[in-house]
Amino acid sequence: MIRPDLLLKPTPKGLYCPPGDFYIDPVRGAVDRAVVTHGHADHARAGHEHVLATPETLAIMAARYGEGFAGSTQALEYGEAVEINGVTVWFSPAGHVLGSAQAVVEWKGLRMVCTGDYKRRRDPTCRAFEPVADTHVFISEATFGLPVFKHPDTDGEIAKLLDSVRMFPERTHLVGVYALGKAQRVIKLLREAGYHETLYIHGALEKLCQLYEDHGVALGPLESATLETSERGAQERFRGKIILGPPSAFHDKWGRRFPDPLPCFASGWMGVRQRAKQSGVELPLIISDHADWDELTDTVREVDPEELWITHGREDALVRWAELEGRKARPLRLVGYEEDNFE
Amino acid sequence: MQAFSDLLERLILTPSRNGKIALLAGYFRSQPSPARGWGLAVLTGELDIPGVKAGTIRKLAEDRVDPELFRLSYDYVGDLAETVSLIWPGQRGANRVPPIEDVVETLLGATRAQGERLVAGWLDMLEPKGRWALIKMVTGGLRIGVSARLTKLALAEMGGVEPGEIEEIWHGLEPPYESLFDWLDGTADKPAPDIAAPFRPVMLAHPLVTKDKRDTPDAIDPAMIDPDVFAAEWKYDGIRVQAVSENGTRRIYTRTGDDISHTFPDVLAGMDFEAAIDGELLIGAPNGEVAPFNELQQRLNRKTVTKKQMETRPAFIRAYDILVEGEEDLRPLPFRERRQRLEAFVDRVGSDRVDLSPLVPVTTLEALEDHRNAPPAPEIEGLMLKRWDSVYEAGRPTGPWWKWKRDPFLVDAVLLYAQRGHGRRSSFYSDFTFGVWRDGEEGLELTPVGKAYFGFTDEELKLLDKFVRENTIDRFGPVRAVTATEDHGLVLEVAFEGLNRSPRHKSGLAMRFPRINRIRWDKPAAEADRIETLQTLLPPDPIANP
C-alpha cells in the first residue's frame with residue numbers, strides 16, 4: 001500500500017491532500033479547496049474559494065459569516081461520496097456539534113479518517129459518532145488527551161446546576177457556554193431534566209439557537225437576556241433564573257448587571273479546579289463536546305487503525321499511550337487550532 | 001469527609017474574603033466535634049500526619065498509572081493533589097465515604113506502611129473531589145487561599161468573640177480543639193492557656209507607600225510623618241521573634257507563633273529573665289557586626305543544631321519591644337513608656353544574647369529618607385516608624401506602625417525561559433528566568449541571573465503568557481525557551497533586595513527576593529543590562545579578601 005503521507009500531510013496551512021489538492025480544516029489563510037469537518041471558528045474559516053461540508057455545517061458558516069463566506073460551496077450528506085481529483089471523500093458523523101463530521105479520504109486502497117473534533121457520549125442535538133470500519137490511518141483530535149480528563153456523567157452535572165438554582169433562588173445563574181453546540185446541548189439537557197421555564201440567552205447565541213430549531217432541535221421557551229437599562233429594577237426579573245452566554249461576556253459589564261450573579265461554566269476544562277478558579281467560576285459544570293481520555297483511547301481501540309495520527313491538543317500523552325499499547329502513533333503538531341478555549 | 005471536601009471545593013471557588021469566612025463559620029456551626037476540630041486542624045496547618053508525604057502519594061499514583069503519563073498530566077495540571085485525584089483509577093460503586101475523624105485518627109495511629117495502604121484504600125473509595133480533599137489533608141499545604149488567620153476570623157465570627165481572644169489562647173490548644181468549640185458554642189468557659197510562657201499575638205506594620213511612588217488610596221503623604229509623633233528604628237534583615245521566659249520556662253516563637261526554641265539553645269541559655277520581649281533574631285559576625293541573612297538561614301529549619309554551628313554562627317536577639325515584665329502586662333502602655341522599660345530591662349539583664357535596637361534620630365523627613373536609602377549596614381532593609389503613643393495591639397492596625405523599606409535595586413534583564421505556574425496560576429507560563437548580557441566566547445551572550453514568579457498583575461500575566469506561547473523556540477518538559485537575541489527579546493525590569501555570591505549559579509550570583517517590577521515592552525533587548533552592573537553590587541569576595 002502507498003505511504004499515508006502521500007495522501008495527507010501536515011503543512012503550515014493545515015492538513016493537505018496532494019493528489020486531491022485540498023485541505024481539511026485549513027487554519028491559515030484562504031485556500032482553493034477546503035473540506036470542513038464542523039462549524040467551530042478554528043476549523044471553519046471564511047474566505048476559501050471552495051468549501052465542501054455537510055449541509056448543516058454550511059448553514060452554520062453562512063449564519064456566522066454571511067452567505068458569501070466562500071466562492072462556492074458543495075453540501076455532502078453523511079455517507080455520500082464525492083471524488084476530488086481522483087480522491088474519494090465522504091463524511092461520517094462525529095457527534096461533536098450539529099453537522100459535525102469525520103472526513104474519510106480514500107485513494108488507491110488507502111483509507112484515512114480525520115475525526116475533526118468528536119465525542120462519544122449522548123448528545124440530543126446532533127448525530128452520534130459512527131466509527132468507520134477498515135480505517136488504515138486514524139487522525140484523532142486530542143483536546144482532552146491526558147488521563148486526568150475523565151468527564152463525569154453529564155446528567156449529574158446538569159443536576160448540579162438545577163440543585164444550585166433551587167438552593168440559591170435569590171441568585172442569577174450565569175452559565176458560560178460556547179455559542180455553537182454547547183449552548184444548545186445544555187439547553188436541551190435542561191429541558192430533558194424537566195426544566196421548562198424560560199431560559200435567557202445572550203445575543204451571541206440567538207442566531208445559532210434559531211438555526212438548531214430550524215434543524216428540528218426543539219429548545220423550548222428562550223428569551224433575550226438583554227436589559228432595558230432605562231427601566232429601574234428591570235434586572236430583578238432575572239433573579240433565580242438561568243442565563244446562558246459566552247463566558248467572556250460574564251466578566252464584563254454585561255454580566256455584572258444581573259442581580260447577585262453566580263458564575264457557572266460548562267466546559268471540559270472545569271474538571272481541573274484551578275482552571276475553574278482562574279476563570280472566576282463558582283460553579284464548574286464538567287460538560288464537554290470533546291472526547292475525554294477514556295473515550296479517546298476506547299475509540300482508537302474500537303477503530304483499531306494500523307496507524308494513529310494525533311492532532312491539536314495534548315498529543316504527547318496519547319503518543320505515549322499508543323506506545324504502551326504497541327500501536328504505531330505520530331503527533332502532527334499542527335498549529336492554529338485553539339489549544340484551550342473553543343470547547 | 002463529605003462535608004469537608006464540599007467545604008474545600010467551595011472555598012477554592014469562592015473569591016470573596018467575606019464569602020470564605022461565611023463558608024467556614026457555617027461549616028464550624030453545622031459539623032459536630034471532633035469532625036470540625038480535625039477540619040480546623042487541616043485548615044490551619046496544625047495537623048501533621050507522619051509517614052504520608054507528597055512523595056508517598058506520587059508513588060502510589062505511579063504504581064497505578066504509567067509514570068510518563070503521570071508526569072505529562074502533572075505538568076499540565078500543576079498541582080499534585082489535583083493530578084492524583086483526577087488520574088486515580090477509581091473503583092466504581094464504592095459505597096462508603098469515611099468520616100474525617102476516622103481518617104485522621106486511624107492515620108495518626110498508623111505506621112508508615114499502614115498509612116500508605118490506608119490512603120490507597122480510601123482513594124479507591126472516593127470520588128475525585130473527596131480524593132483531592134484527602135490528599136490535601138494528609139500532605140498538608142492546602143493552597144486554597146485560606147490562611148490560618150482567616151480561619152480564626154471565622155471562628156471568632158462563629159462564636160461572636162474578638163479574633164484577638166482566639167489568637168491569645170490558640171497556642172495552648174491541641175487538635176481536635178474540643179474545649180475551643182465548647183467555648184464558642186457557649187457551653188463552656190474560655191479555655192485557659194495551659195502552657196507556660198505562652199505566645200502573645202504580635203503587632204505588625206503596613207508597608208509605607210508614598211504618594212509619589214503609587215497613587216492609590218493606601219498611599220501616604222510623607223509630610224504626615226511628624227518627628228514629634230514617630231520614633232524610628234532600623235529594620236534589620238533577620239527574623240521577627242518573641243522571646244518569652246516565665247516561671248522557669250523559656251520559649252522562642254516566630255511571629256506566627258511557631259515554637260522554634262529547639263533550634264536556638266544558645267539564645268535560650270541567655271534568656272535569664274522574667275519577661276516577654278519582641279525583637280529581631282540575628283547572627284553575630286566575627287567583627288561584632290550583624291552577619292548577612294544567608295548565615296541565619298543556615299540555622300533555620302533544623303531539628304537539631306550542632307555545637308560548631310552555634311560557635312560559628314552565634315545567634316542573638318536585637319530587642320525592640322517589651323510586652324510583659326514579671327507579672328505586669330505592658331502592652332496597654334504607649335510605646336514611649338514601653339521603650340523606657342525596655343532600655344532599663346536590657347541594661348539590667350546584661351545578657352550577651354539580647355541587645356537593644358537603637359533609635360534613629362528623627363530630625364527631618366529628608367534625613368529619614370537618606371537613612372532609609374543609605375543604611376549604615378547592608379543587613380538593614382530600611383526603617384520602622386512607630387508612633388510614640390501606640391499601644392501594642394494584635395494584628396496589623398493601620399496607622400501606628402509603618403515599615404519603610406529601602407528602594408529595591410533594579411536591573412533590566414531579558415526573558416530566557418518560562419515555566420508553567422502552580423496553584424491558581426497553573427496552565428499560565430508564570431515562572432520566568434531572565435538573564436543579562438556578558439561577553440562569551442562567540443560574542444555577546446545572555447547569562448541567567450535569576451527567576452521571578454510575581455510582581456506582575458493578572459492582566460500582565462496574560463500578556464507574558466501570550467508572549468511566551470508566541471515566541472517559543474524550544475521546549476524542555478514544562479519549560480519553554482523563548483526568543484532572546486539582541487534584536488528580538490522581552491526586557492523585564494527586575495527589582496531585588498540584594499545580591500549574594502553563589503557557586504551554584506552559572507552567573508556566580510544569586511538575587512534576593514527578585515520580582516518583575518515592570519515589563520519593558522518598549523526597550524530593545526540589546527539595551528538590557530550587562531553582568532558587570534550586577535557584579536558591582538556583590539559583597540566582597542571572601543576568597544579574594546580573606
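Numbers restart at 1 for each chain; the letters A, B, ... are given by sequence-line order, proteins then strands.
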In residues 155-167 of chain A, which residues are in contact with chain B at a heavy-atom separation under 4.5 Å?
none
Determine whether the aromatic ring centres of residues A/Phe149 and A/His290 are separated by less than 6.0 angstrom.
no
Do B/Tyr453 and B/Phe432 have ring centroids that are under 6.0 Å from one another?
no
Enter the distance from B/Glu82:CD to B/Tyr76:OH here, rounded to the nearest 0.5 Å.
11.0 Å
Please check if atom CZ in B/Arg17 has more than 12 non-hydrogen atoms from other residues, nucleotides or ligands closer than 6.0 Å.
no
Should the heavy atoms of other residues, nucleotides or ligands under 6.0 Å from CZ of B/Arg515 be counted, would the total exceed 12?
yes
The test is side-chain contact (heavy atoms from CB on, under 4.5 Å); show your working for A/Thr297 and A/Glu325 and say whether it passes.
CA-CA 10 Å; A/Thr297 53; A/Glu325 288 258 312; over 6 Å; no
